[in-house]
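Reading through the structure tokens given below for one structure.
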2 protein chains.
Amino acid sequence: MTDPAAPLGASEFDTATRLEPDGTGAYHLAVDPGWAVGPKPNGGYLTAALARAAAEAVVAADADHPHPLAATVHFLRAPDPGPSLVRVDVLRTGRSASQARATLWQGDRPCVDAVFTLGRLAPAADAPAPWWTGPAPFPVPPYEACRRLPGAAPGAEFTVSIMDRADLRLDPAVLGFTTGEPSGRGELRGWISFADGRPADPLGLLFFLDALPPATFELARTGWVPTLSLTAYVRAWPAPGPLRVRQVVQSVHDGRIDEVCELWDSAGHLVGQATQLAAIRIPDGVEPPPTDPARPVLGQDVV
Amino acid sequence: MTDPAAPLGASEFDTATRLEPDGTGAYHLAVDPGWAVGPKPNGGYLTAALARAAAEAVVAADADHPHPLAATVHFLRAPDPGPSLVRVDVLRTGRSASQARATLWQGDRPCVDAVFTLGRLAPAADAPAPWWTGPAPFPVPPYEACRRLPGAAPGAEFTVSIMDRADLRLDPAVLGFTTGEPSGRGELRGWISFADGRPADPLGLLFFLDALPPATFELARTGWVPTLSLTAYVRAWPAPGPLRVRQVVQSVHDGRIDEVCELWDSAGHLVGQATQLAAIRIPDGVEPPPTDPARPVLGQDVV
């Protein structure tokens with residue numbers, strides 16, 4: 001139900017991203033404490049709420065572009081759960097796509113700054129198949145063989161309430177981080193859907209694309225890995241059913257990491273992609289896991 | 001020379017990205033016709049010029065963050081070569097990173113809207129090695145075996161003047177598009193450097209990350225592929241010498257494509273990454289190339 005013209009459903013996600021016009025073109029958003037990691041609202045949830053505001057504003061500007069295609073999000077400071085104001089600036093309305101900026105404010109402080117490209121996506125049943133896709137769907141064990149990540153894990157230092165909203169089931173082979181034995185591969189993979197059964201849609205994909213733990217947890221035990229800049233693409237309306245999800249670290253360098261996320265739907269289509277740059281603090285003395293011994297080395301077998 | 005406190009060099013790139021304060025906190029930028037694809041200024045060039053403005057403003061706000069770490073750029077309308085005004089809004093100054101938005105205007109029209117995360121990168125000689133990198137450097141033939149892409153190709157419909165500024169040498173195996181016989185793999189790879197010998201630096205990486213032809217040219221002959229949203233990360237100051245570059249299409253779906261770009265330096269470090277969402281019009285009757293027959297199919301060997 002991302003079409004802003006349509007009434008919101010009764011799902012937890014639609015309730016938590018509900019906007020109330022303030023009468024001046026901005027929107028009140030109650031940042032929901034149930035979509036958080038510890039005390040901090042999740043970035044994917046905030047991105048989805050801002051996308052809803054951007055879509056409302058673009059449609060109100062007479063552009064038929066109710067769905068986010070691309071989101072680029074900079075997290076300036078973590079908002080607190082509670083009242084916030086979302087200001088939208090429609091940057092351009094076009095024939096096939098429009099752009100809008102949405103900023104989340106608490107008091108006189110901007111907290112999240114996002115720019116969206118919006119368009120119209122056909123519902124899954126009418127969606128065209130991809131013309132060409134390069135990467136193959138990645139392997140993941142059957143849904144029943146994966147294990148759900150709990151919101152309140154035994155012995156965890158804090159609650160991850162988004163895990164009560166998202167039903168995230170991870171491949172047991174990438175759960176080493178939960179017992180202090182990371183696999184060393186820097187990859188998480190599994191299945192994701194809304195816990196209350198709400199179907200996935202373009203706004204839902206924006207949430208799922210930033211809902212996983214950092215894949216660096218499968219490299220080393222560190223503190224939280226705060227996102228500096230997040231980019232997410234919605235490529236198509238997903239077919240029904242849980243989505244297969246993978247998050248992979250590419251490089252850990254000079255206190256920063258990047259990781260990419262993919263979502264594939266039950267029809268075998270790549271429906272969502274994200275990349276993020278985040279900060280990391282590797283504790284002193286923590287050594288990196290070995291890389292694949294078959295990995296080519298520059299100056300030897302590659303050039 | 002990306003430190004705004006340092007004088008600009010005499011290179012073509014420094015001249016083309018030179019900013020003149022307008023006295024109100026904005027900057028005059030002469031959009032240079034020599035950094036274009038046909039009549040349209042190149043997106044990587046514009047991104048680098050905006051990054052220079054963002055860095056100037058952040059440093060002027062007393063943050064020691066002269067280098068772009070992340071750039072997210074939305075192209076609203078292509079500017080023309082000639083005068084433009086760059087307005088900068090410092091969104092946040094922090095301890096280890098700052099954020100600023102820079103917008104390029106011509107007359108009363110915003111053309112390019114960019115948000116940057118900025119920080120300080122150690123020069124290559126002092127840069128820490130990556131703690132861990134997942135992907136391996138991709139194979140590419142030796143520099144001497146690759147072929148330089150000309151700015152004015154025989155029989156081409158228009159001049160690509162950035163190819164006179166960038167020295168881009170592509171693997172002969174990915175040059176099929178230049179003779180109407182694309183490889184069908186959706187990948188370009190080779191070496192890139194400044195043609196006038198200017199060393200690469202963080203600003204230069206931003207240009208190189210959006211300087212290649214669309215990798216879709218190696219899938220099918222189409223018209224231009226205009227970028228909707230570009231995200232680029234600068235991970236480290238590059239070591240001297242040409243950079244190995246690869247641009248790869250991931251998916252062509254419903255009139256849009258995404259492609260990723262990587263830059264590796266001579267020390268074997270992944271120093272730059274980019275992803276972009278762009279629009280494409282596949283001419284009627286053009287069939288996609290076959291995908292790898294060994295590619296797994298959902299529901300068969302993968303799940």
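Please read these numbers as outputs of a predicted model, since none were measured by experiment. Proteins come first, then strands; the chains are lettered A, B, ... in the order of their sequence lines, and each starts at number 1.
Atom CG of B:L228 sits about 11.0 Å away from atom CG of A:L118, to the nearest 0.5 Å. Remark: B:T231 OG1 to B:D210 CG distance equals 11.0 Å, nearest 0.5 Å. Distance check, rounded to the nearest 0.5 Å: CZ of A:F138 to CZ of A:R189 gives 8.5 Å.
Of the listed residues (A:D113, A:L69, A:L270), the greatest number of heavy-atom pairs within a distance under 4.5 Å of chain B belongs to A:L69. Of the residues considered (A:G94, A:A97, A:P110, A:P289), A:P289 shows the highest number of contacts with chain B, using heavy-atom pairs under 4.5 Å. When each of A:R101, A:Q99, A:R92 is checked for heavy-atom pairs under 4.5 Å with chain B, A:R101 comes out on top. Heavy-atom pairs under 4.5 Å with chain A were tallied for B:V248, B:V73, B:I257; the largest tally goes to B:I257.
A salt bridge is absent between B:R256 and B:D258: the closest approach of a Lys/Arg side-chain nitrogen to an acidic carboxylate oxygen does not fall below 4.0 angstrom. Using a cut-off of 4.0 Å between Lys/Arg side-chain N and Asp/Glu carboxylate O, A:R185 and A:E218 are scored as not salt-bridged.
Taking every heavy atom of both residues into account, B:P130 and A:S251 meet most closely at CB-OG, 4.4 Å.
Below 4.5 Å, heavy atoms of chain A meet heavy atoms from B:Q273, B:T275, B:Q276, B:L277, B:R281, B:I282, all part of residues 273-283 of chain B.
The aromatic rings of A:F217 and A:F177 sit tilted, their planes meeting at an angle between 30° and 60°. Classified by interplanar angle (parallel below 30°, tilted 30° to 60°, perpendicular above 60°), the ring pair B:H253/A:H269 is perpendicular.
Using a 4.5 Å cut-off between heavy atoms, B:V234 does not touch chain A at all. If you measure heavy-atom distances from B:A71 to chain A, you find no contacts under 4.5 Å at all. There is no contact between A:A145 and chain B, counting heavy-atom distances below 4.5 Å.
Within a 6.0 Å sphere centred on CZ of A:R109, heavy atoms belonging to other residues, nucleotides or ligands number 12 at most.
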